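These numbers were taken from a predicted model, which means no experiment stands behind them.
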Amino acid sequence: MEQILTEYMPALLAGAWITIQVTVVSIPLALALGFGSAVIRMSDWRTIRALATIYVEIFRGTSELVQLFWLFYVLPYFGIRLEPFTVGVLTLGLNLGAYGSEVVRGAILAVPKGQYEATVAINMPKWRAMRRIILPQAIPLSIPPWGNLLIQLLKSTSLLSLITIHELTFEANQLNNDTFETTTIFSLALLLYLIMALVLTFCIRLVEWRFGSNMIQGGA
Amino acid sequence: MDMWDWEYVWDILPTLVLALGITIEVTILAFIIALILGLLFALMRRSKSLWLSLPTAGFVEAVRSTPELIQIYFLYFALPQYGIMMSAIMTGVLGLGVHYACYCSEVYRAGLDGVPRGQLEAAASLNLSTYRMYRDVIIPQAIPPMVPALGNYLIVLFKITPILAAIAVVEVMRQALNIGSHHFRYIEPITLVGIFFLILSLISAAGIRYVEGWLHHKFLE
């Protein structure tokens with residue numbers, strides 16, 4: 001018991017702190033890429049629409065770990081040298097942004113057609129219609145699926161242990177190699193992941209509750 | 001040095017394609033475990049006994065919200081300590097199978113719950129046996145809505161198999177890294193692996209859409 005408190009917990013908590021940092025930094029990137037590419041895919045300009053579609057298909061169609069290794073091992077060939085932390089955040093953000101793009105697109109398409117027709121009828125410019133009428137109704141619809149994606153993001157951070165980032169999985173593995181107290185160490189690590197997932201779920205519920213209902217009142 | 005060396009590509013392609021076979025094998029085996037174990041979890045969770053349904057619900061939720069990679073490390077290091085010897089590849093198949101069984105169990109649950117109550121009452125009023133009720137009424141209505149979700153998890157599972165590289169299973173990602181470190185050139189092997197995944201994901205997505213249409217036609221019309 002004492003060993004758990006003095007030896008294992010500090011290392012695991014240090015790892016969990018890195019996991020939290022990676023997750024928190026990746027979320028805004030994923031949200032920006034998801035909303036950005038979804039709106040771009042609705043645009044009339046064919047070239048950028050195609051570029052956004054290619055981005056989404058490539059990042060959804062290939063494995064996240066392949067993307068991680070590609071950015072980690074191949075970018076240096078192009079003279080781009082990034083810190084492992086940056087590579088990790090970039091991969092998680094780009095990957096989740098592609099999945100988020102589909103979520104946002106689905107939500108935009110779920111806004112009733114009459115709303116689009118009304119903006120056309122009052123001659124509202126397309127971009128303003130998107131910003132003032134469509135997105136405020138699409139965002140509340142997209143919150144629950146975004147919640148699932150963010151849990152997925154938290155789980156994906158464990159992949160970063162494979163590019164030498166000292167997050168929770170890396171620390172657990174390291175401790176296990178030193179002590180072979182496998183069951184204790186990995187149970188503790190899984191428990192920490194579970195707690196982080198519960199906290200994240202709680203935060204998402206909070207956003208759903210506040211943001212979701214307010215926006216619907218304001219939008220409709 | 002060229003940016004992209006075709007000669008190198010032709011040189012490593014056969015090795016990579018062979019390793020892709022391992023990836024596909026792992027995917028199929030793990031998915032079979034996920035389908036069978038998932039059904040078991042779903043039935044246990046629907047059980048009237050709280051001693052069965054609550055621990056199952058807790059287990060499913062805990063597995064679903066923690067990373068596959070650390071679960072697989074756990075199995076890989078802990079099983080031998082309890083005297084269970086398994087090859088790395090079988091450990092990986094088991095780990096992924098159990099993880100995705102938890103996802104599949106939710107799909108089964110939603111599918112079974114999705115059959116309207118009136119259908120069961122109608123079957124009861126027609127005095128159908130339980131077996132015939134499941135065969136002719138519940139299953140035909142429960143399966144078609146499950147197929148897209150299960151198919152989706154097959155693709156998710158396929159795309160997560162590269163994490164088995166971490167426990168030294170020589171699937172396609174591990175092989176690409178091995179080749180890369182041997183020749184000091186990563187760009188071609190890793191890009192090829194990406195292309196493999198892209199092609200196979202697109203093909204399986206099309207395949208699932210086809211099965212979906214076929215099932216809809218067969219059961220609901």
Side-chain angles (χ1 to χ4, degrees), chain A residues 15 19 57-78 95 99 148 151-162 167-173 176-177 180-201, chain B residues 1 3-4 23 58 61-82 99 155-156 158-167 171-174 176-177 180-181 184-205:
Chain A
T19 297
E57 290 302 326
I58 285 183
F59 279 88
R60 273 163 40 94
T62 61
S63 169
E64 192 166 15
L65 194 59
V66 178
Q67 292 156 21
L68 185 69
F69 283 150
W70 203 89
L71 292 182
F72 189 68
Y73 285 105
V74 178
L75 276 190
Y77 282 101
F78 300 102
N95 185 277
Y99 283 94
N148 291 339
I151 297 289
Q152 200 183 308
L153 170 68
L154 174 65
K155 288 169 61 180
S156 297
T157 57
S158 73
L159 299 182
L160 305 191
S161 63
L162 301 176
E167 46 66 76
L168 184 48
T169 303
F170 185 95
E171 291 292 346
N173 219 355
N176 177 56
N177 286 341
F180 290 105
E181 288 290 337
T182 309
T183 309
T184 316
I185 289 164
F186 280 99
S187 302
L188 285 172
L190 285 169
L191 193 66
L192 287 176
Y193 271 116
L194 198 56
I195 293 169
M196 287 192 277
L198 287 175
V199 171
L200 187 57
T201 309
Chain B
M1 194 161 64
M3 197 59 106
W4 183 264
T23 295
E61 290 308 319
V63 170
R64 268 158 45 96
S65 41
T66 50
E68 298 91 333
L69 182 58
I70 193 163
Q71 291 166 5
I72 285 166
Y73 276 138
F74 195 175
L75 290 178
Y76 183 64
F77 292 115
L79 286 181
Q81 292 180 9
Y82 294 100
H99 191 91
I155 299 181
V156 174
F158 171 58
K159 284 188 292 194
I160 200 74
T161 53
I163 66 168
L164 300 189
I167 55 167
E171 43 63 71
V172 70
M173 188 73 242
R174 178 85 263 163
L177 293 179
S181 67
F184 298 107
R185 251 188 101 84
Y186 287 98
I187 177 162
E188 289 88 356
I190 299 183
T191 309
L192 281 175
V193 173
I195 294 171
F196 288 165
F197 272 97
L198 195 58
I199 292 172
L200 284 173
S201 303
L202 291 176
I203 291 176
S204 30

Pick one of side chain, backbone, both or neither for [X], based on which atoms fall under 4.5 Å of a heavy atom in chain B.
{"X": "A:Val66", "result": "both"}
{"X": "A:Phe72", "result": "neither"}
{"X": "A:Gln152", "result": "neither"}

Option in [options] with maximal non-hydrogen atom pairs under 4.5 Å from chain A:
{"options": "B:Ala176, B:Pro189, B:Ser201", "result": "B:Ser201"}
{"options": "B:Ile199, B:Ile187, B:Ile155, B:Val172", "result": "B:Ile187"}
{"options": "B:Thr191, B:Leu202, B:Ile163", "result": "B:Thr191"}

So do A:Trp70 and B:Val193 actually touch side chain to side chain, heavy atoms under 4.5 Å? no

Do B:Gln81 and A:Glu181 make a side-chain contact, defined as non-hydrogen atoms from C-beta onward lying under 4.5 Å apart? no

Per-residue contact mode, B:Leu177 against chain A (heavy atom under 4.5 angstrom): side chain

Donor-acceptor side-chain pairing of B:Tyr82 and A:Thr183 below 3.5 angstrom: yes

Just how far is it from atom [atom1] of [X] to atom [atom2] of [Y], taken to the nearest 0.5 Å?
{"X": "B:Thr66", "Y": "A:Ile195", "atom1": "OG1", "atom2": "CD1", "result": "12.0 Å"}
{"X": "A:Ser161", "Y": "B:Tyr73", "atom1": "OG", "atom2": "OH", "result": "4.5 Å"}
{"X": "A:Thr62", "Y": "B:Ile190", "atom1": "OG1", "atom2": "CD1", "result": "12.0 Å"}
{"X": "A:Leu162", "Y": "B:Met173", "atom1": "CG", "atom2": "CE", "result": "10.0 Å"}
{"X": "B:Ile195", "Y": "A:Ile58", "atom1": "CD1", "atom2": "CD1", "result": "9.5 Å"}
{"X": "A:Leu200", "Y": "B:Ser65", "atom1": "CG", "atom2": "OG", "result": "10.5 Å"}

Smallest separation among heavy atoms of A:Lys155 and B:Glu68, with atom names: CE-OE1, 4.0 Å

Mind listing the closest non-hydrogen atom pair of A:Ala189 and B:Ile70 along with its distance? CB-CD1, 3.5 Å

Tell me whether the rings of A:Phe186 and B:Phe74 are parallel (<30°), tilted (30 to 60°) or perpendicular (>60°). parallel

Take B:Tyr186 and A:Tyr77, measure what side chain to side chain contact (heavy atoms under 4.5 Å, CB included) needs, and give me the verdict at the end. CA-CA 9 Å; B:Tyr186 287 98; A:Tyr77 282 101; 4.2 Å; yes

Exam field: side chain A:Tyr193 to backbone B:Ala62, donor-acceptor pair closer than 3.5 Å: no

For the backbone of B:Lys159 and the side chain of A:Ser63, can you confirm whether one donor and one acceptor N or O come within less than 3.5 Å of each other? yes

